[in-house]
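All remarks here apply to the structure that follows.
A note on names: the letters A, B, ... follow the listed sequences, proteins ahead of strands, and every chain is numbered from 1.
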There are 2 protein chains.
Amino acid sequence: MDKQSSNTLSRIMTYAEKECQARSLRLTPVRRRVLEMLVKHKHPVSAYQLLDELVEEGHKPAPPTIYRALDFLLEQGFIHRLATQNNFVACTHLGTLHMGVFLVCKRCKKTVELLGDSIRETLVDQADQNEFSLEEALVEVNCLCQPCQSQQERDQP
Amino acid sequence: MDKQSSNTLSRIMTYAEKECQARSLRLTPVRRRVLEMLVKHKHPVSAYQLLDELVEEGHKPAPPTIYRALDFLLEQGFIHRLATQNNFVACTHLGTLHMGVFLVCKRCKKTVELLGDSIRETLVDQADQNEFSLEEALVEVNCLCQPCQSQQERDQP
DNA sequence: ATATCCTATGTTATAAAATAACATCTGGGG
DNA sequence: CCCCAGATGTTATTTTATAACATAGGATAT
């Protein structure tokens with residue numbers, strides 16, 4: 001891993017630790033390990049992928065252990081869930097109030113998380129008009145990233 | 001069923017038939033039946049609920065049959081999939097170019113589909129800035145509808 | 001210190017959602 | 001009529017997620 005992502009990783013872990021302390025919650029070894037793994041991955045990963053990685057490390061947790069850790073991290077806003085992919089991904093806007101808006105390349109799965117402020121405004125508005133109160137939202141956008149667009153053109157000219 | 005929804009049902013089925021004809025595709029009995037069931041339901045329903053209903057009717061299809069029908073209906077844009085709920089719902093804006101934007105009451109599951117034009121514009125914009133080309137998007141908004149807000153207040157004052 | 005309680009984790013089993021792989025049917029074009 | 005592509009049937013399996021109950025471990029009060 002390069003210096004940049006290493007910095008990012010440690011900064012995120014420090015942030016998570018402080019947040020947990022502030023909220024009187026425990027960032028236990030399993031939770032910490034799962035968060036670390038998610039931060040290190042470039043792409044969203046599934047619960048069972050995480051499970052397999054832990055098994056390789058010697059730990060042998062069962063599915064509920066992973067799902068409980070994921071639930072915790074979701075609740076604290078440290079990670080997001082991409083429902084169309086059955087995947088989880090570390091939040092890249094920790095500490096910033098935002099809505100989960102994701103561009104996902106449907107070919108290589110490269111994922112970019114946006115802040116989605118203007119979308120949030122629109123949604124609050126439209127929810128209001130329909131007498132719904134917005135609680136939380138998930139926006140998943142199936143895309144092609146630039147390299148995959150080029151590749152696609154080469155594949156099917 | 002009241003006259004209004006009956007009209008809606010038959011109008012939708014007629015629309016689907018014409019569209020299939022125009023595209024040289026077959027709205028087979030299974031596909032037709034699944035679409036009918038989805039239109040009749042007020043809330044999004046799961047593939048296995050649909051399966052159970054067909055079993056009750058005497059038909060005894062296996063999961064692949066339902067999923068193939070659902071895939072067909074999704075491709076034709078007659079229905080949408082709500083990924084966070086593992087549910088499917090009939091499109092309420094047939095014939096209108098739109099993006100799937102859903103307000104879903106997290107208590108009673110009442111669901112409203114919006115056209116989402118302004119959100120689409122925003123997303124195209126932001127995808128562009130990130131060198132992604134938008135293909136399709138899913139926006140699911142967890143909400144509380146007005147009656148459920150009131151109920152919630154009564155439950156937990 | 002230790003009893004107690006709450007939270008987290010371990011463990012086993014199972015439910016729920018989706019798909020793979022292959023067989024069979026069917027209906028429209030030659 | 002025959003053929004073939006597309007649709008459905010069938011069986012088995014994979015993938016994702018949770019239920020239910022047992023155990024451990026850390027903070028708090030006494």
Side-chain angles (χ1 to χ4, degrees), chain A residues 16-17 19-35 37-38 43-55 57-76 78-89 109 138 140, chain B residues 16-17 19-38 41 43-55 57-76 78-89 109 138 140:
Chain A
E17 249 157 47
E19 280 304 303
C20 284
Q21 217 158 12
R23 300 173 199 170
S24 304
L25 298 169
R26 294 159 57 195
L27 190 62
T28 62
V30 189
R31 291 168 178 176
R32 161 188 297 279
R33 193 73 199 84
V34 170
L35 178 54
M37 294 193 309
L38 281 171
H43 303 312
V45 292
S46 77
Y48 279 78
Q49 281 177 262
L50 296 171
L51 203 70
D52 289 345
E53 288 180 32
L54 283 182
V55 169
E57 286 181 9
H59 249 258
K60 306 236 183 218
T65 300
I66 296 291
Y67 280 102
R68 284 188 287 229
L70 290 169
D71 285 345
F72 174 85
L73 298 171
L74 284 169
E75 270 163 31
Q76 302 316 311
F78 300 156
I79 66 172
H80 297 285
R81 182 169 125 83
L82 295 178
T84 63
Q85 328 256 328
N86 287 328
N87 274 348
F88 301 85
V89 66
K109 301 301 174 192
L138 171 66
E140 284 187 54
Chain B
E17 249 157 48
E19 280 302 304
C20 285
Q21 218 156 11
R23 301 173 198 171
S24 304
L25 298 170
R26 295 163 54 197
L27 191 62
T28 62
V30 189
R31 293 167 176 176
R32 160 188 297 279
R33 195 71 201 85
V34 169
L35 179 54
E36 277 175 7
M37 292 193 309
L38 281 171
H41 276 281
H43 303 314
V45 291
S46 77
Y48 279 78
Q49 281 177 262
L50 296 171
L51 202 71
D52 289 344
E53 288 180 32
L54 283 182
V55 169
E57 286 181 8
H59 250 260
K60 305 234 183 221
T65 301
I66 297 292
Y67 280 102
R68 285 189 286 230
L70 290 170
D71 284 346
F72 173 84
L73 298 171
L74 284 169
E75 270 162 32
Q76 301 317 311
F78 300 156
I79 66 173
H80 297 285
R81 181 169 125 82
L82 295 179
T84 63
Q85 328 255 328
N86 288 326
N87 274 347
F88 301 85
V89 66
K109 300 302 172 192
L138 169 67
E140 285 186 54

Classify every nucleotide of nucleotides 10-20 of chain C by which part a protein heavy atom approaches to under 4.0 Å, writing B for the base, S for the sugar-phosphate alone and - for neither, in 5'-to-3' order.
BBB----BBBB

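Not counting sequence neighbours, the partners of A:E19 by the side-chain hydrogen bond (donor to acceptor under 3.5 Å, both in side chains) test are A:R23. Here B:T65 pairs with nothing under the side-chain hydrogen bond (donor to acceptor under 3.5 Å, both in side chains) rule; sequence neighbours left out. Residues satisfying the salt bridge (Lys or Arg N to Asp or Glu O under 4.0 Å) test with A:E53, not counting sequence neighbours, are none.
Pairs passing the salt bridge (charged side-chain N to carboxylate O under 4.0 Å, His left out) check and including a residue from residues 60-70 of chain B, sequence neighbours excluded, do not occur.
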Distance-only check: which donor-acceptor pairs under 3.5 Å involve side-chain atoms of residues 24-34 of chain B, not counting sequence neighbours?
residue : atom : partner : partner atom : Å
B:R31   : NH1  : B:R26   : O            : 2.7
B:R32   : NH1  : B:E17   : OE2          : 3.1
B:R32   : NH2  : B:E17   : OE2          : 2.2
B:R33   : NE   : B:E57   : OE1          : 3.1
B:R33   : NE   : B:E57   : OE2          : 3.2
B:R33   : NH1  : B:E36   : OE1          : 2.9
B:R33   : NH2  : B:E57   : OE2          : 2.5

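At least one donor-acceptor pair closer than 3.5 Å links the side chain of A:E140 to the backbone N or O of A:T84.
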Using a cut-off of under 3.5 Å, enumerate the N/O to N/O pairs linking the protein to nucleotides 22-29 of chain D.
none

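Note that the CG atom of A:L38 and the CG atom of A:L50 stand 5.0 Å from one another [nearest 0.5 Å].
Side-chain nitrogen and oxygen atoms of A:T28 include none within less than 4.0 Å of the OP1 or OP2 phosphate oxygen of C:dT7.
Taking all atoms of both residues into account, the shortest heavy-atom contact from A:L35 to A:A16 is CD2-CB, 3.7 Å.
A straight line from CG of B:L27 to C1' of D:dT8 spans 15 Å, rounded to a whole angstrom. Protein atom CZ of B:F72 is 19 Å distant from nucleotide atom P of D:dA5, rounded to whole Å. Distance, B:I66 CD1 to D:dA7 P: 16 Å, rounded to whole Å.
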